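Working notes, structure below.
Numbers restart at 1 for each chain; the letters A, B, ... are given by sequence-line order, proteins then strands. Model, not experiment: these values are computed from the prediction.
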Amino acid sequence: MKPVLHVEVVQKKQSNVLQTTLHNYVLAGMEARKILSPGTTLTNLSNELLSDHVESIHICEYNNEGELLSLNVEDLELRIHIFKLDDEGVQLECIDSGDGDGHEVSAAQHWVLPSRDFNGLWENLIYESNIKENLLQYMETTLLFSDRNVSPHVITWNRVILLHGPPGTGKTSLCKALAHKLAIRLSKRYSCGQLLEVNSHSLFSKWFSESGKLVMRMFSKVKDLVENPNALVIVLIDEVESLTHSRSSSGGVEPSDAIRTVNAVLTQIDELKKYPNVLIMATSNVTDAIDLAFVDRADIKQYIGPPPVKGIYKILSSCVAELSKANIITPKEEIHTFDGIVQVQAKNGEDVPAFKNSLQLLDISRQCEGLNGRTLRKLPYLAHALYVQKPAATLEEFLAALQKVVIQHKSEMSELKSK
Amino acid sequence: MSSPILINVELKDALTASSCSHLAVEFFKHIAYQRQQIPFPYKQLKSVLSRKIEQDSSTVTGARSCQAENEFIKVKGMFESMQNAFQNLEEELCSHEGMIQEIAMILGATPLSPRDVYRFQFPPLLLGHLDSKHPHQSNLLSLFRCLISSEDLHSFFKQPLSPTNMFLFIRKNNTILATSAFTPKERYNLPTSGKHAIIRLIPPSDPPKCICGGTNIYSDDESDTGEVKRPIDNNEVENCSSLWFQAHQTLKGFKDVKINGVAASTMWLQSR
Ligand SMILES: Nc1ncnc2c1ncn2[C@@H]1O[C@H](COP(=O)(O)OP(=O)(O)OP(=O)(O)O)[C@@H](O)[C@H]1O
Ligand SMILES: [Mg+2]
């Protein structure tokens, strides 16, 4: 069996070529190229038909390995996914507030997938080993099993996933990226994908807690969407820990009301799970405090921690690449891959000038161990604002600034902790 | 889910492409107002905006009038895009490549989560008639008479709806378009959720004697049909030989906001 390589093709919005037709053109184009580099995105397409109808072609990473390598088309089974990106962005779903005079409250944020908002998000989230890919595989298998009516009494599978871990490690982003990816990968089976983000804070605000009715109304909205067997619906309950808070402290609301609301949510989740085309994702950054009844319902509980050194290196090099693209770092200099540079270091190649910058970045990455993704992505910005302070700098200058910022950040953090 | 309401509109005059597009646009304007997506009837809104434009508005002073001015720019933009979308719709319908089978307007946050769905259906349209000999007035009258006397539609309008999006769709059986204002939505089908209303135009079986020399050629005569490939979907039973196209322009509903208790539209027309 040949290994599978996914190819994602973004069709231009106004293109009116049918997808089957385009599929064949792309396939022919790929085969003509013979050699493909996983992890790259092609935007300047020479083929006339393709350039008229295709915005970009992304060759997905192969075998979960991020490092660039070249593959021979003949050895692969290409899976080509053709889709258009939704440009509308997030929309608010409103429901009747029930106060009798026709007021409406917003209940959820709604994205039509694949959405331009999430394009490229997946590729830019970097985690230890294969967390990302495994989650995607779980979800695909879940949908396949339920689509084929495999009996859940014989084989159990997962429909509710919970991502937990410290703040800023990309849990919310990962859920969105997963939803986006699933919609792309399964676009042959489902005619449309949708992400509904339910903010549990608003769900448990006083407004909502007054009765379980609003919760019911909100979920009946979700069910309306799920009724269409060709729609893939992903429900994201962000910061699910507010479930517990509302049960215990209940923030000024009558506790019995809060409990009723929580129970309504849990029952509704159970109801939703019966549909084959729905997935429920939840995030939380306080693991011990999550409502036990909810934890119990989660089939996969995945811990998301700060990225390992390899991930940090990748995040920082993606930042450098972005700044080079914007000509803020000039001249453009190559940053080596993580595996490559680690090998160089092991072989004591430290004095070779071509590796100098990459080695320094590696050193900085090691110092950053333990920082979360949100902070990491902010460091280059701070470096520029505090220590570069001019519209263009060399990579060397920039890395020196980055180094200073890292040291400063760490001392600030330890001050905060000692207080 | 309630079953859709059906309103049959029996017309008195022949249904040409241009009269059909006129009826459709007038219908959608009516819906936009009745469903509180625009604060005034379309015509009135247009005149308020153009009166404001005629005014000399060289200097804006004070926070309140600044706010009113911002509001004006926003509303003007939304109105213009509405105007634009309707124009494109008419153009698409009147073009000979047309063969549009149905028009729909969806109200809701996304085209997949409709609150209201309005489907505007009509038989194959007549081509080659002179518009001057077939004024739209008589057909328009028939349409609005039906709309206004429909109890079902009234109960529709009673449901509150805050400003949301309006999506325009056309359904046809080929991918040839006259404008670039629409994009094919492969494998899309109108969702069954929300409330649905179907307006069906029925031209007279025996149209009044025609004096303009137009023959009764229908726009979907076999000779000018380009064969279309079916969308890949196999689960749809309904409309499997045709495709929905969505207008690029999504219309946004809006309110006449109050600034310190005074409607923005009132402030626009106040002389300074
Ligand atoms: N492992 C990572 N790789 C790349 N980028 C990351 C990573 N972790 C976080 N980020 C970046 O950090 C930002 C914050 O991520 P996000 O809001 O998803 O985190 P979170 O875990 O939901 O945080 P919180 O717990 O505070 O809600 C995002 O812009 C994301 O790109
Ligand atoms: Mg979050």
Side-chain angles (χ1 to χ4, degrees), chain A residues 11-23 53 82-84 86-113 115 187-196 220-233, chain B residues 1 36 97 106-115 117 157-167 172 174-195 226 228-237 243-253:
Chain A
Q11 188 177 8
K12 284 190 178 165
K13 188 175 180 185
Q14 62 276 20
S15 154
N16 59 359
V17 173
L18 295 183
Q19 287 173 359
T20 31
T21 317
L22 200 53
H23 181 278
H53 295 279
I82 297 187
F83 56 94
K84 288 184 183 176
D86 179 81
D87 285 311
E88 299 283 337
V90 60
Q91 304 293 330
L92 287 182
E93 285 295 346
C94 296
I95 53 172
D96 189 356
S97 71
D99 63 0
D101 54 7
H103 280 297
E104 297 197 316
V105 285
S106 89
Q109 295 181 296
H110 193 172
W111 279 271
V112 175
L113 301 173
S115 164
S187 63
K188 287 207 179 65
R189 166 61 188 87
Y190 298 97
S191 59
C192 55
Q194 296 156 75
L195 174 67
L196 274 178
S220 87
K221 187 116 212 171
V222 178
K223 276 184 214 151
D224 274 351
L225 298 175
V226 177
E227 292 286 345
N228 174 1
N230 288 324
L232 168 63
V233 179
Chain B
M1 223 173 309
Q36 299 140 47
E97 277 140 340
I106 290 183
L107 272 59
T110 74
L112 303 169
S113 53
R115 300 288 293 264
V117 178
F157 292 161
K158 268 196 223 125
Q159 309 268 341
L161 185 65
S162 27
T164 181
N165 295 323
M166 292 171 274
F167 302 94
K172 41 194 282 153
N174 60 25
T175 56
I176 309 161
L177 291 171
T179 68
S180 56
F182 292 84
T183 185
K185 295 277 276 186
E186 272 177 78
R187 303 192 300 153
Y188 174 81
N189 232 308
L190 295 183
T192 48
S193 57
K195 290 183 287 121
V228 238
K229 265 195 236 125
R230 282 176 174 207
I232 325 144
D233 212 323
N234 35 28
N235 293 352
E236 308 310 328
V237 197
L243 197 60
W244 283 104
F245 293 72
Q246 185 184 346
H248 286 314
Q249 230 143 9
T250 297
L251 313 180
K252 305 276 176 193

Q) Of the backbone (N, CA, C, O) and the side chain (C-beta and beyond), which part of Leu92(A) lies under 4.5 Å from a heavy atom of chain B, both, or neither? A) backbone
Q) Of the listed residues (Ala181(B), Pro160(B), Ser113(B), Pro191(B)), which shares the most heavy-atom pairs with chain A below a 4.5 Å separation? A) Ser113(B)
Q.
Is the shortest side-chain heavy-atom distance between Arg189(A) and Asn230(A) below 4.5 Å?
A. yes
Q.
What part of Lys252(B) gets within 4.5 angstrom of chain A, counting heavy atoms only: side chain, backbone, both, or neither?
A. side chain
Q: To the nearest 0.5 angstrom, please state how far the OG1 atom of Thr192(B) sits from the CD atom of Glu227(A).
A: 7.0 Å
Q) Using non-hydrogen atoms only, which part of Glu88(A) is less than 4.5 Å away from chain B: side chain, backbone, both, or neither? A) side chain
Q | Test item: Leu190(B) and Trp244(B) side chains (from C-beta on) under 4.5 Å apart, heavy atoms | A | yes
Q.
Tell me every residue that passes side-chain hydrogen bond (donor to acceptor under 3.5 Å, both in side chains) with Gln91(A), counting only those two or more places apart in sequence or in another chain.
A. Asn165(B)
Q | Gln36(B): side-chain hydrogen bond (donor to acceptor under 3.5 Å, both in side chains) partners, not counting sequence neighbours | A | none
Q. Where does Ser187(A) contact chain B at under 4.5 Å (heavy atoms): side chain, backbone, both or neither?
A. both
Q | Any Lys185(B) side-chain heavy atom under 4.5 Å of Cys192(A) side chain | A | no
Q: Under 4.5 Å heavy-atom distance to chain B, tell me which part of Tyr190(A) shows up: side chain, backbone, both or neither.
A: backbone
Q | Heavy-atom proximity to chain B below 4.5 Å, by part of Val90(A) | A | neither
Q | Rounded distance (nearest 0.5 Å) linking atom CG of Asp86(A) with atom OG1 of Thr110(B) | A | 8.5 Å
Q: Among Lys223(A), Lys188(A), Lys221(A), single out the residue with the greatest number of heavy-atom pairs under 4.5 Å to chain B.
A: Lys188(A)
Q: Could you check which of Leu112(B), Thr250(B), Leu161(B) has the highest count of heavy-atom pairs closer than 4.5 Å to chain A?
A: Leu112(B)
